[in-house]
Trainee: 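Provided herewith is a single structure, encoded as structure tokens, for subsequent inquiry.
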Amino acid sequence: MKYFRNSITMTLLVVALFAIFGLAVSGTTSATELPVSDIKYSPVTSGRYDFDPAHGIIGFGVRHLGIALVEGRFKDFTGTVNFDEKDITRSTVEFTAKIASIDTGVEPRNAHLRTADFFDAEKFPEMKFKSTKVEKKGKQYLLTGDLTIKGVTKQVSLPFTMTGAVADPWGGTRFGIEASTVINRRDFGINYGNLLPSGALDVANDVKIDLHLEAVKAKK
């Protein structure tokens with residue numbers, strides 16, 4: 001109980017400090033009311049664009065014990081978009097992620113995920129995706145392709161959005177991509193897990209995939 005009382009006291013103190021600091025800096029304007037600058041995007045032109053892993057995330061989330069979402073990411077990946085501005089359906093996307101680069105913020109868990117219980121990184125060092133179809137659905141797009149994990153290939157669909165293009169500070173042109181979907185890990189032979197008395201699995205079957213990527217136009 002003492003720990004929780006101390007935690008509540010610290011939380012209230014932090015909130016008070018933020019409130020005082022916010023008033024001192026911005027008068028009566030809160031952080032959520034700060035103006036947002038208009039961004040002037042350019043059209044995304046045809047060509048090859050490569051993923052920038054330093055400014056992108058191939059992430060996932062899995063529910064633990066049926067109560068909390070544990071998130072992670074693959075830090076080492078490459079990918080390419082071949083974009084056709086005249087006919088989006090002729091565009092293609094592919095990427096490869098190194099399984100050994102998995103990071104959930106807890107190294108013992110990372111090590112376990114690399115074993116045969118989960119991804120078996122030594123035998124299957126890469127996860128791959130290669131698109132088979134790109135469609136436009138209103139303001140959103142739908143990317144369909146073959147996802148290969150642990151030597152098993154399944155078709156998946158990822159609804160995604162794109163930003164317009166911008167000129168970056170390094171002389172390049174890039175645009176943003178965000179996509180999300182849910183897959184069942186057991187479809188890919190990742191079967192580790194136990195049923196708990198509560199009826200929940202210690203590691204859920206459904207895995208939420210989240211992609212937040214920047215693609216940089218390849219220089220000729």
Trainee: Can you tell if the side chain of Phe51 reaches within under 4.5 Å of the side chain of Thr78, non-hydrogen atoms only?
Mentor: no
Trainee: Trp170 and Val216: side-chain contact (heavy atoms from CB on, under 4.5 Å), yes or no, with the steps?
Mentor: CA-CA 11 Å; Trp170 308 282; Val216 187; over 6 Å; no
Trainee: Does Asp187 form a side-chain contact (heavy atoms from CB on, under 4.5 Å) with Val152? I'd like the steps, not just the answer.
Mentor: CA-CA 8 Å; Asp187 289 344; Val152 178; over 6 Å; no
Trainee: Check the surroundings of atom CD in Glu85: do more than 12 heavy atoms from other residues, nucleotides or ligands lie under 6.0 Å from it?
Mentor: yes
Trainee: CD of Glu126 to OG1 of Thr96: how many Å apart, nearest 0.5 Å?
Mentor: 5.5 Å
Trainee: Just wondering, do Lys133 and Glu135 contact through their side chains at under 4.5 Å, heavy atoms?
Mentor: yes
Trainee: Find out whether Asp50 and Thr80 are in side-chain contact, i.e. whether some heavy atom of one side chain is under 4.5 Å from a heavy atom of the other.
Mentor: yes
Trainee: Once rounded to the nearest 0.5 Å, what's the spacing between atom CG of Asn110 and atom CD1 of Ile102?
Mentor: 6.5 Å
Trainee: Would Val156 and Ile99 show up in the same hydrophobic cluster when neighbours are defined by side-chain heavy atoms closer than 4.5 Å?
Mentor: yes
Trainee: Between Phe95 and Leu213, is any pair of side-chain heavy atoms under 4.5 Å apart?
Mentor: no
Trainee: Mind checking whether Phe83 and Phe175 have parallel, tilted or perpendicular rings, split at 30° and 60°?
Mentor: tilted
Trainee: Give the cluster check for Met127 versus Phe160: same hydrophobic cluster or not, with ILVMFWY residues linked at side-chain heavy-atom distances below 4.5 Å.
Mentor: yes
Trainee: Which atom names give the shortest non-hydrogen contact between Arg186 and Asn191, and what distance separates them?
Mentor: NH1-O, 3.1 Å
Trainee: Any link between Leu211 and Ile88 through a network of hydrophobic side chains (Ile, Leu, Val, Met, Phe, Trp, Tyr) touching at under 4.5 Å?
Mentor: yes
Trainee: Between atom CD of Glu122 and atom OG1 of Thr115, what is the distance when rounded to the nearest 0.5 Å?
Mentor: 11.0 Å
Trainee: For Asp84 and Ser91, does a side-chain donor sit closer than 3.5 Å to a side-chain acceptor?
Mentor: no
Trainee: Are Lys217 and Thr45 close enough that some pair of their side-chain heavy atoms sits under 4.5 Å apart?
Mentor: yes
Trainee: Checking side-chain polar atoms at under 3.5 Å, does Asn184 have a donor or acceptor matched by the opposite partner on Asn205?
Mentor: no
Trainee: Judged by atom type as modelled, is there a donor-acceptor pair below 3.5 Å linking the side chain of Lys98 to the main-chain atoms of Ala121?
Mentor: no
Trainee: For a quick test of reading the model, state the closest non-hydrogen atom pair linking Thr104 to Arg109 and the distance between them.
Mentor: OG1-NE, 2.9 Å
Trainee: Is a side-chain donor or acceptor of Asp168 paired with a backbone partner of Gly172 at a separation under 3.5 angstrom?
Mentor: yes
Trainee: For Val44 and Thr163, which heavy atoms make the closest approach, and how far apart are they?
Mentor: CG2-O, 3.8 Å
Trainee: For the hydrophobic clusters of this structure (ILVMFWY residues joined by side-chain heavy atoms under 4.5 Å, transitively), does one cluster hold both Val70 and Val207?
Mentor: no
Trainee: Can Ile209 be reached from Leu143 by stepping across I, L, V, M, F, W or Y side chains whose heavy atoms are under 4.5 Å apart?
Mentor: yes
Trainee: Thr148 vs Phe124, test: side-chain contact (heavy atoms from CB on, under 4.5 Å). Steps then yes/no.
Mentor: CA-CA 10 Å; Thr148 301; Phe124 304 100; over 6 Å; no
Trainee: Minimum heavy-atom separation for Gly193 and Asp202, please, with both atom names.
Mentor: CA-OD1, 3.3 Å
Trainee: Evaluate the ring planes of Phe60 and Phe74, with Trp represented by its six-membered ring, and classify them as parallel (under 30°), tilted (30 to 60°) or perpendicular (over 60°).
Mentor: tilted
Trainee: Identify the two heavy atoms, one from Ala204 and one from Arg185, that lie closest to each other, and give their separation to 0.1 Å.
Mentor: O-NE, 2.8 Å
Trainee: If you define the side chain from C-beta out and look only at heavy atoms, does anything of Thr161 sit under 4.5 Å from Gln140?
Mentor: yes
Trainee: Quick one: does Thr144's side chain get under 4.5 Å of Ser157's, heavy atoms only?
Mentor: yes
Trainee: Looking at every non-hydrogen atom in both residues, tell me the closest pair between Val62 and Val203 and how far apart they are.
Mentor: CG1-CG1, 3.7 Å
Trainee: Is it the case that atom NZ in Lys150 sees more than 12 heavy atoms from other parts of the structure closer than 6.0 Å?
Mentor: yes
Trainee: Could you tell me the separation between the CZ atom of Phe77 and the CD1 atom of Ile58, rounded to the nearest 0.5 Å?
Mentor: 4.5 Å
Trainee: Got a second to check how far Tyr49's OH is from Thr173's OG1, nearest 0.5 Å?
Mentor: 6.5 Å
Trainee: Heavy atoms, side chains only, cut-off 4.5 Å: are Val93 and Ile177 in contact?
Mentor: no
Trainee: For Leu158, run the side-chain contact (heavy atoms from CB on, under 4.5 Å) check against Leu142, Asp210, Thr181 and tell me which one passes.
Mentor: Thr181
Trainee: Atom CZ of Arg114 and atom OG of Ser101: how far apart are they, to the nearest 0.5 Å?
Mentor: 8.0 Å
